[in-house]
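Quick notes on the structure that follows.
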Amino acid sequence: MGKCSLSGDPSCDLIIVFETLLAAFGSQNWWPAEGPEEMIIGALLTQNTTWKNVEKALVNLRLDQQLSFSAIAVTPLTELQERIKPSGYFRQKSERLKALAIAVVDIGGLSQLARKATPDLRAWFLVLKGIGPETADSILLYAFNRPLFVIDTYTLRVCKRHNWLLAGVGYAEAQSFFIDKLPTDSALFNEFHALLVQIGKNFCRPNRPLCKKCPLNRFQI
DNA sequence: CCCCAGGCGTCCA
DNA sequence: TGGACGCATGGG
């Protein structure tokens with residue numbers, strides 16, 4: 001329990017924010033996927049895209065027995081495009097997803113990847129086109145159980161709306177804001193991020209003033 | 001009609 | 001190094 005870095009009030013700790021969110025929304029049990037491969041595929045498809053549209057693409061892939069890297073690695077690009085079309089950017093995403101699948105297959109699967117990735121697992125993913133910091137951290141946290149805090153548009157928006165972070169703050173600084181104040185705990189990071197998405201969806205619409213009903217209002221500066 | 005969604009790569013100053 | 005812009009479908 002660090003001292004309060006949110007507002008100067010020692011009672012106002014990020015852990016208290018977490019407890020408040022957990023009480024408001026309950027355990028989220030993320031990521032919504034059957035296994036690590038499905039999780040990673042979903043992570044790529046959900047970039048700047050609603051999860052509802054991603055689910056349609058995942059259904060298409062599942063029905064065609066294509067919800068695995070081994071299948072995607074050898075599927076024709078045009079077929080892959082048809083399956084993932086509902087999740088948008090299908091030309092870009094199909095190329096990137098197939099390249100990722102081939103890379104994973106080449107290294108011998110996810111368990112081999114976890115052992116052999118150099119210089120480390122995060123860097124291995126970041127080299128691939130279409131995998132940036134958020135997608136890489138999501139994969140590490142939700143597929144590999146590594147304690148990295150994921151920063152997405154919801155998280156950034158919530159932090160800035162409540163004045164925890166300044167408007168210009170980017171990914172790395174926002175990530176430090178959380179990991180520097182929290183115990184290194186992948187289960188905590190997992191649940192916390194999922195809860196921040198919930199608060200973002202429900203009480204933090206873009207280009208709008210602070211929502212009066214937001215459960216986090218007592219943590220403002 | 002508008003804006004938005006669980007980003008990222010490229011380009012340009 | 002950082003801010004615009006394109007990518008694309010589907011929903012409110």
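Chain letters run A, B, ... following the sequence lines, proteins first and then strands; every chain starts at 1.
When each of B:dC8, C:dA8, C:dT9 is scored by its nearest atom to the side-chain atoms of A:Lys85, the top-ranked nucleotide is C:dT9. If you check C:dA8, B:dA5, C:dG11 against the side chain of A:Pro206, the one that comes closest is B:dA5. For A:Gln92, counting side-chain heavy atoms from C-beta on, the closest listed nucleotide (C:dG10, B:dC8, C:dC7) is C:dC7.
Summarising the geometry, the separation between CZ on A:Arg83 and C1' on C:dA8 is reported as 19 Å, rounded to the nearest angstrom. Taking atom CG of residue A:Leu100 and atom P of nucleotide B:dG7, one finds them 17 Å apart after rounding to whole Å. As rounded to whole Å, 13 Å separates atom P of B:dG7 from atom CD1 of A:Ile139. The distance between atom CD1 of A:Ile41 and atom P of B:dG7, rounded to the nearest whole Å, is 18 Å. In this structure, CZ of A:Phe90 is placed 21 Å from P of B:dC8, rounded to the nearest angstrom. The interatomic distance linking A:Tyr89 (OH) with B:dT10 (P) rounds to 16 Å, in whole Å. B:dC3 atom P lies 15 Å from atom CZ of A:Arg157, rounded to whole Å. One interatomic measurement links the two molecules: CD of A:Glu95 to P of B:dC8, which rounds to 17 Å at whole-angstrom precision.
Looking only at atom types and distance, the side chain of A:Asn53 has no donor-acceptor partner in the side chain of A:Ser87 under 3.5 Å away. With no hydrogens or angles considered, no side-chain donor-acceptor pair links A:Arg83 and A:Ser94 at under 3.5 Å. Judged by distance alone, the side chains of A:Gln28 and A:Asn190 never bring a donor and an acceptor atom under 3.5 Å apart.
Across all strands shown, A:Lys52 has no heavy atoms under 4.0 Å from either base or sugar-phosphate atoms. Counting non-hydrogen atoms under 4.0 angstrom, A:Glu134 reaches the backbone sugars and phosphates but no base. If you check every strand for non-hydrogen atoms under 4.0 Å, A:Leu44 touches nothing. When heavy atoms are screened at a 4.0 angstrom cut-off, A:Arg96 is found touching the sugar-phosphate backbone but no base atom. At a threshold of 4.0 angstrom between heavy atoms, the contacts of A:Asn53 include nucleobase atoms, whether or not backbone atoms are also involved.
Contact annotation: A:Arg91 side-chain N/O to C:dA8 OP1/OP2 distance is under 4.0 Å. Applying the 4.0 Å criterion to OP1 and OP2 of B:dC8, one finds that A:Thr135 has a side-chain N or O inside that range. OP1 or OP2 of B:dT10 sits under 4.0 Å from a side-chain N or O of A:Lys129. Applying the 4.0 Å criterion to OP1 and OP2 of B:dC4, one finds that A:Asn207 has a side-chain N or O inside that range.
One P atom belongs to C:dG10, the other to B:dC8, and the distance between them is 22 Å to the nearest Å. For the P atom pair drawn from B:dC3 and C:dA4, the interatomic distance equals 16 Å after rounding to whole Å.
Surrounding NZ of A:Lys52 are at most 12 heavy atoms belonging to other residues, nucleotides or ligands under 6.0 Å away. Counting heavy atoms of neighbouring residues, nucleotides and ligands inside a 6.0 Å radius, atom CD of A:Glu34 does not exceed 12 of them.
One finds the OG atom of A:Ser186 at 10.0 Å from the OH atom of A:Tyr142 (value rounded to the nearest 0.5 Å).
Each of A:Ser87 and A:Gly168 was matched to the nucleotide of DNA chain C holding its nearest heavy atom; the match closer to the 5' end belongs to A:Gly168. Place A:Thr50 and A:Leu128 on DNA chain B by their nearest nucleotides, and A:Thr50 ends up nearer the 5' end.
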